[in-house]
Amino acid sequence: MTAPETGEIMAMAAGDGIDIEKVRLDTPGCASVAHLNNAGAALPPAPVLDAVTEHLRLEARTGGYEANDLARELTEGFYDAVAGLVGAHRDEIAYVENATRAWDMAFYAVPFAAGDRILTTTSEYASNAIAFHQVAKARGVSVEVLPDDGDGQLSLDALAAELARGRVRLVAINHVPTHNGLVNPAAEVGRLCRETGVLFLLDACQSVGQLAVDVGEIGCDMLSTTGRKFLRGPRGTGFLYVRRDLLRELEPPFLDLHSAVWTAPDRYEIRDDARRFETWERYVAGQIGLGVAAGYAAALGVRAIEERVTGLAARLREELAATPGVTVLDRGARRCGIVTFTVAGRESAEMKGVLRERGINVSVTDHTHQRLDPNAVPAAVRASAHYYNTDEELGLLVSAVRELAPRR
Ligand SMILES: *Cc1c(COP(=O)(O)O)cnc(C)c1O
């Protein structure tokens with residue numbers, strides 16, 4: 001088992017930007033598709049693919065438990081790589097099978113009491129919203145949706161006013177929503193939460209891997225994300241960050257023989273690091289692969305990634321907006337790599353199908369997943385760029401859309 005060549009990855013970040021040719025050569029999928037569905041699942045780089053398949057082969061050759069013993073350095077390296085990427089300590093990281101469960105483990109651990117308030121945003125992810133309402137019903141908690149400001153992102157004035165009214169137990173928002181190119185002002189939210197001593201849970205599923213995300217700068221108490229999206233890790237992986245001095249206050253909703261030690265027939269002790277939110281059985285190859293993906297992103301540089309992704313998406317947005325019949329839907333003062341739009345007279349699902357036939361991957365957003373968002377349209381095309389995409393690939397999408405858009 002060999003760790004990926006960090007030296008080689010560093011070479012791709014040589015100079016002041018990312019060496020696009022090199023990262024594309026390092027991404028097998030780039031040879032076969034114009035992949036603009038990175039908010040769905042990005043193409044993994046070769047070191048991630050190799051790390052996962054090597055471990056699966058090792059398991060097949062030597063046995064799963066035996067392979068685990070042999071790969072200890074890589075499974076432990078996961079915590080350092082992920083912590084390094086988001087500015088956390090390794091003890092604050094839990095490996096979880098996806099972002100939803102990572103978020104759940106934190107959310108359901110919050111000791112809500114009747115009368116507590118949860119504040120969220122209009123663009124909150126569907127699964128999170130469903131969980132809010134389950135807990136609201138069971139524990140007499142209220143869920144309040146903060147309005148957007150004039151730019152279309154979460155209103156900080158409204159947040160400050162609601163925090164001042166008291167009884168807020170949790171502020172739970174997304175950094176970047178799944179269905180829009182906006183970026184919520186997470187660090188300003190963190191500052192307001194810290195000033196009032198309110199817990200802050202950040203769903204960073206669409207931001208980690210495309211934007212520079214630092215838990216200290218943001219000031220969140222808990223952060224969840226997935227492996228397969230902009231991080232370019234394996235599917236079926238994710239992680240949870242929980243601030244260290246909060247760990248003992250948060251009792252996980254589920255425990256097992258890994259998250260707790262059975263100390264007497266009727267007694268147990270919960271681990272005091274973030275692994276209290278993990279389970280023993282896991283996709284070990286995925287854990288190794290996710291660690292490699294985190295290291296890969298860090299080696300390229302999260303600032304360089306953010307600059308490249310944001311720039312590509314801004315150019316795409318501009319070209320689409322200039323196309324007759326196209327409506328770009330992205331809101332927010334700050335925008336990211338996600339570009340959402342509709343084409344007059346065309347169903348978004350049809351657009352996705354036609355684009356797929358031409359070797360261009362995009363996805364479709366669905367308003368039934370956005371019931372808190374007054375601006376959500378029934379369906380929209382979502383094109384999400386990563387740093388390995390090129391202006392030529394964006395051009396392919398734009399010319400296909402021009403062809404399909406109604407002529408004036
Ligand atoms: C995709 C997504 C999730 C869920 O991630 P999974 O890994 O599929 O559980 C949560 N929040 C946002 C904003 C997402 O885009």
Side-chain angles (χ1 to χ4, degrees), residues 36-42 44 48 82 86 93-108 120-132 145 153-154 171-186 189 200-211 213 218 220 222-241 277-279 282-283 286-287 289-290 293-294 309 313 329-332 334-340 361-373 376 380-386:
L36 294 166
N37 188 15
N38 296 289
V48 170
V82 162
V86 297
I93 301 295
Y95 173 58
V96 187
E97 65 264 41
N98 52 58
T100 302
R101 276 297 172 268
W103 187 95
D104 285 342
M105 289 304 279
F107 174 69
Y108 286 91
T120 189
T121 179
T122 59
S123 59
E124 194 60 352
Y125 193 67
S127 303
N128 304 354
I130 291 168
F132 292 149
V145 182
Q153 70 220 340
L154 167 101
V171 171
I173 63 159
N174 62 80
H175 196 186
V176 167
T178 204
H179 72 301
N180 196 273
L182 71 88
V183 181
N184 274 312
V189 171
F200 177 20
L201 168 56
L202 184 65
D203 175 345
C205 199
Q206 291 292 4
S207 60
V208 173
Q210 71 151 320
L211 304 179
V213 173
I218 290 174
C220 53
M222 302 158 279
L223 174 147
S224 55
T225 196
T226 203
R228 74 180 184 282
K229 296 181 181 173
F230 287 95
L231 251 183
R232 309 184 67 193
R235 290 203 67 168
T237 67
F239 71 84
L240 171 68
Y241 154 82
F277 297 104
E278 296 184 342
T279 43
R282 65 193 53 209
Y283 173 26
Q287 178 177 346
L290 182 53
V309 172
L329 303 166
D330 302 321
R331 304 192 303 275
R334 180 182 169 201
R335 294 173 188 175
C336 66
I338 295 176
V339 179
T340 56
N361 291 345
V362 296
S363 64
V364 172
T365 68
D366 178 346
H367 77 290
T368 63
H369 289 167
Q370 302 301 335
R371 296 192 185 277
L372 302 178
D373 186 349
V381 180
R382 181 184 70 181
S384 42
H386 218 321

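Only heavy atoms go into these numbers, but all of them, side chains included; no hydrogens, no water, no symmetry mates. These numbers were taken from a predicted model, which means no experiment stands behind them. Atoms within each ligand, like the ligands themselves, are counted from 1 in listed order. For this chain, numbers begin at 1 and follow the sequence in order.
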Next on the checklist: Determine whether a donor-acceptor pair (N or O, by modelled atom type, separation under 3.5 Å) exists between the side chain of Y95 and the backbone of T237.
Outcome noted: no
Checklist entry - Do N174 and E124 have side-chain N/O donor and acceptor atoms under 3.5 Å apart? => result yes
Checklist entry - Around atom CZ of R335, are there more than 12 heavy atoms of other residues, nucleotides or ligands at under 6.0 Å? => result yes
Checklist entry - Only one of Y108, F132, Y125 forms a ring-ring contact (aromatic ring centres under 6.0 Å, His included) with W103, so which one is it? => result F132
Item to check | Any donor-acceptor N or O pair under 3.5 Å, side chains H179, T365 | outcome: no
Checklist outcome for this item: Only residue of L154, V145, D203, L372 satisfying side chain to side chain contact (heavy atoms under 4.5 Å, CB included) with T121 is L154
For ligand 1, list all ligand N or O to protein N or O distances below 3.5 Å, rounded to 0.1 Å.
{"unit_1": "ligand 1", "atom_1": "7 (O)", "unit_2": "A99", "atom_2": "N", "d": "3.1"}
{"unit_1": "ligand 1", "atom_1": "7 (O)", "unit_2": "T226", "atom_2": "OG1", "d": "2.6"}
{"unit_1": "ligand 1", "atom_1": "7 (O)", "unit_2": "R228", "atom_2": "NH1", "d": "2.9"}
{"unit_1": "ligand 1", "atom_1": "8 (O)", "unit_2": "R228", "atom_2": "NH1", "d": "3.3"}
{"unit_1": "ligand 1", "atom_1": "8 (O)", "unit_2": "R228", "atom_2": "NH2", "d": "3.0"}
{"unit_1": "ligand 1", "atom_1": "9 (O)", "unit_2": "A99", "atom_2": "N", "d": "3.4"}
{"unit_1": "ligand 1", "atom_1": "9 (O)", "unit_2": "T100", "atom_2": "N", "d": "2.8"}
{"unit_1": "ligand 1", "atom_1": "9 (O)", "unit_2": "T100", "atom_2": "OG1", "d": "2.5"}
{"unit_1": "ligand 1", "atom_1": "11 (N)", "unit_2": "D203", "atom_2": "OD1", "d": "3.2"}
{"unit_1": "ligand 1", "atom_1": "11 (N)", "unit_2": "D203", "atom_2": "OD2", "d": "2.6"}
{"unit_1": "ligand 1", "atom_1": "15 (O)", "unit_2": "T178", "atom_2": "OG1", "d": "3.0"}
{"unit_1": "ligand 1", "atom_1": "15 (O)", "unit_2": "Q206", "atom_2": "NE2", "d": "3.0"}
{"unit_1": "ligand 1", "atom_1": "15 (O)", "unit_2": "K229", "atom_2": "NZ", "d": "2.8"}

